[in-house]
Amino acid sequence: MAVKNGDVKDVKLANLGKEHVQWAEMEMPVLRQIRKRFLREKPLKGLKISACLHVTSETANLALTLRDGGADLTLCASNPLSTQDDVAAYLTGAEKIPTFAIKGEDQKTYYSHINSALDAKPNLTMDDGADLVATIHTKQKVLLKDIMAGTEETTTGVIRLRSMEAAKKLMYPIVAVNEAMTKHFFDNRYGTGQSTIDGITRATNILWAGKNVVVAGYGWCGRGVASRARGLGGQVIVTEVDPIRALEAVMDGYRVMAMPEAAKIGDFFITVTGDINVIDIDDFLSMKDGAVVANSGHFNVEINIKALEDLAKEKRHARPFVDEYTLSSGRRIYLLAEGRLVNLSAAEGHPASVMDMSFANQALCAEYVYKNYKKLEKKVYVVPENIDKEVGRLKLQAMGVKIDVLTKEQEKYLSGWAEGTS
Ligand code: ADE
């Protein structure tokens with residue numbers, strides 16, 4: 001439903017969205033504190049932000065924080081299947097934050113929503129996957145003159161931006177929020193770990209205990225998924241291309257093998273690599289009857305869906321977020337959420353408690369780049385250490401966890417080199 005300054009499924013869902021946003025807020029104490037300060041100090045006054053993020057109840061809390069900080073915010077979806085329609089309705093209808101996002105939107109609508117967010121002529125872009133930045137740099141270069149800086153939420157986006165920087169194509173500075181320790185240690189690991197299992201469970205209701213769970217990729221997301229699948233009794237197999245990560249997976253107690261071997265024995269397959277065609281035609285051909293295939297990486301490229309479509313003699317919608325493909329051998333393969341990130345498509349994404357830290361970094365980085373953009377070059381920057389540490393400190397404080405402080409003697413010892421064995 002296109003409403004003034006937004007395009008959402010149904011504005012009448014706003015009340016339900018409000019409940020969900022308030023529920024998430026309870027678990028976001030760090031962002032709450034920042035929002036309170038932003039409301040007083042208005043550090044983002046005069047700033048126009050276009051944000052391309054998963055439109056969830058957690059993102060809504062970030063949006064309200066930026067708005068209360070004085071920013072003029074426009075929001076669009078960073079994935080066609082991740083939008084929570086009630087939340088989009090609440091932001092647009094009740095909070096008057098223009099939001100362009102409809103769950104299940106087709107590719108054309110997805111990009112038209114990105115363009116609508118860019119119609120606001122932002123000074124700052126906030127991306128999750130770098131689609132805003134890519135659109136600006138390829139199709140909307142005229143906007144570059146007004147843009148001071150940007151932020152990027154996720155690993156995939158940071159990889160894209162670093163290759164733009166290396167090719168000297170990046171035209172404004174970006175802070176890689178993903179690189180904050182208080183982001184990827186928690187969001188990528190515990191967030192993706194839990195929400196991926198949640199998405200697959202909600203979509204299939206299949207028991208994990210005793211199943212062979214193949215996790216492709218052992219980055220922070222893969223580590224999280226593997227550990228949570230094992231926690232539910234799954235027999236986890238890891239596939240990797242990086243020898244050190246593969247070794248780490250072996251020593252963490254998982255079986256490690258190449259995908260062609262894993263394909264023969266897996267019950268669940270979960271891709272979290274950020275790369276293309278990680279599960280390919282030959283893998284489908286050797287899978288067991290009933291294999292479940294899901295992706296939790298940012299883009300829907302990790303599973304070669306075209307190959308699966310071509311191989312299948314029959315395709316049937318089995319239940320929400322589950323498509324059944326029958327191959328000519330008679331074996332059935334179940335693809336979840338059309339290969340889009342299953343945690344945000346079939347469940348609600350990462351729990352608010354981890355998004356609290358990710359979005360606290362986003363809010364503080366928006367403030368940081370607004371103050372400092374003149375000093376920044378056309379590069380990808382890591383999050384300043386003081387912001388990262390502050391987010392960690394505030395989170396511990398909110399959890400009621402106290403930690404030690406170095407004594408003067410310990411500080412002196414750590415900064416010296418002369419003292420060894422006593
Ligand atoms: N990315 C992963 N989980 C998310 C969530 N709950 N909200 C916004 N972005 C996310």
Side-chain angles (χ1 to χ4, degrees), residues 1-14 16-17 20 48-60 62-63 73-122 125-143 150 152-154 156-157 160 199 295 297-303 305-306 309 315 317 320-321 323 335-349:
M1 182 189 286
V3 290
K4 195 165 173 285
N5 289 331
D7 189 18
V8 298
K9 183 167 180 214
D10 184 356
V11 266
K12 292 198 287 301
L13 296 170
L16 181 62
H20 286 148
K48 278 192 285 178
I49 303 178
S50 292
C52 179
L53 301 169
H54 299 295
V55 179
T56 66
S57 51
E58 293 76 25
T59 301
L62 171 63
L73 176 72
T74 308
L75 183 62
C76 67
S78 62
N79 185 287
L81 258 191
S82 63
T83 297
Q84 293 168 4
D85 287 319
D86 54 337
V87 171
Y90 170 62
L91 286 174
T92 293
E95 296 291 350
K96 307 298 172 210
I97 295 174
T99 300
F100 298 86
I102 299 174
K103 190 175 177 94
E105 61 196 17
D106 60 19
Q107 201 184 15
K108 190 161 155 253
T109 312
Y110 176 75
Y111 282 104
S112 86
H113 283 163
I114 287 187
N115 286 324
S116 299
L118 291 177
D119 285 345
K121 300 196 172 30
T125 59
M126 201 170 263
D127 246 324
D128 187 327
D131 275 348
L132 268 190
V133 171
T135 305
I136 291 166
H137 282 69
T138 52
K139 299 193 182 82
Q140 301 241 32
K141 289 195 179 125
V142 58
L143 297 177
E152 169 54 54
E153 170 78 6
T154 200
T156 294
R160 277 178 105 181
N295 166 53
H298 187 79
F299 287 122
N300 59 338
V301 297
E302 305 207 13
I303 301 164
I305 297 168
K306 163 108 186 19
E309 297 268 349
K315 177 180 172 185
H317 183 64
F321 305 109
D323 287 318
L335 175 69
L336 305 193
E338 300 161 24
R340 298 198 185 276
L341 17 76
V342 70
N343 59 341
L344 278 142
S345 305
E348 294 169 65

task = Identify the heavy atoms of A51 and L73 that sit nearest to each other, and give their distance.
result = CB-CD1, 4.0 Å
Side-chain donor/acceptor of T156 to backbone N/O of G129, under 3.5 Å = no
ask   = Are side-chain heavy atoms of T74 and F100 found at a separation under 4.5 Å?
value = yes
query = Roughly how far apart are K121 NZ and Q140 CD, rounded to 0.5 Å?
reply = 8.5 Å
ask   = Are the side chain of T125 and the backbone N or O of G150 linked by a donor-acceptor pair below 3.5 Å?
value = no
task = Mind listing the closest non-hydrogen atom pair of V87 and A60 along with its distance?
result = CG1-CB, 3.7 Å
T135 side chain vs V133 backbone, donor-acceptor pair below 3.5 Å = no
note = Rounded to the nearest 0.5 angstrom, the CD-OG1 distance for E348 and T56 is 9.0 Å
task = Determine yes or no for a side-chain-to-main-chain donor-acceptor pair under 3.5 angstrom, with E153 supplying the side chain and M126 the backbone.
result = no
inquiry  = Under a 3.5 Å distance rule, please check whether Y90 uses its side chain to pair with a backbone N or O of S57 as donor and acceptor.
reply    = no
inquiry  = Quick one, D7 and I102 - any side-chain contact, counting heavy atoms below 4.5 Å?
reply    = yes
key: Test item: E152 side-chain N/O and A130 main-chain N/O as donor-acceptor pair under 3.5 Å   = yes
query = Do K103 side-chain atoms and S345 backbone N/O form a donor-acceptor pair below 3.5 Å?
reply = yes
key: Lys/Arg-Asp/Glu bridge criterion (N-O < 4.0 Å) met for D86, K12   = no
query = So do Q84 and V55 actually touch side chain to side chain, heavy atoms under 4.5 Å?
reply = no
task = Give the minimum heavy-atom separation between G339 and I303, together with the two atoms involved.
result = CA-CD1, 4.5 Å
inquiry  = Please find the pair of heavy atoms, one from Y110 and one from A77, that lie closest to each other, and give the distance.
reply    = CE1-O, 3.3 Å
query = Which is it for L62 and L53 under the side-chain contact (heavy atoms from CB on, under 4.5 Å) test, yes or no, and what are the steps along the way?
reply = CA-CA 10 Å; L62 171 63; L53 301 169; 3.8 Å; yes
From D128 atom CG to N79 atom CG, the distance as rounded to the nearest 0.5 Å = 9.0 Å
message = Side chains of T92 and N5, heavy atoms from C-beta outward: is any pair under 4.5 Å?
response = no
task = Answer yes or no: is there a donor N or O on one side and an acceptor on the other, between the side chain of K139 and the main chain of I136, under 3.5 Å?
result = no
Pairwise distance CG(N295) to CD1(I305) - rounded to 0.5 angstrom = 8.0 Å
query = Should L341 and H298 count as side-chain neighbours, where that means a heavy-atom distance under 4.5 Å?
reply = yes
task = Indicate the atoms forming the closest heavy-atom contact of G93 with K96, along with that distance.
result = O-NZ, 2.5 Å
ask   = CD of E309 to CG of D323: how many Å apart, nearest 0.5 Å?
value = 8.0 Å
ask   = Is the side chain of D127 donor-acceptor paired with the backbone N or O of L132 at a distance under 3.5 Å, no angle test?
value = yes
message = Minimum heavy-atom separation for S50 and A117, please, with both atom names.
response = OG-O, 2.7 Å
ask   = Without hydrogens or angle criteria, can the side chains of H54 and S78 be said to hold a donor-acceptor pair below 3.5 Å?
value = yes
message = Measuring from atom CG of L75 to atom OG1 of T59, what distance do you get when rounded to the nearest 0.5 angstrom?
response = 7.0 Å
Expected output: side-chain T109 to main-chain E105 donor-acceptor under 3.5 Å = no
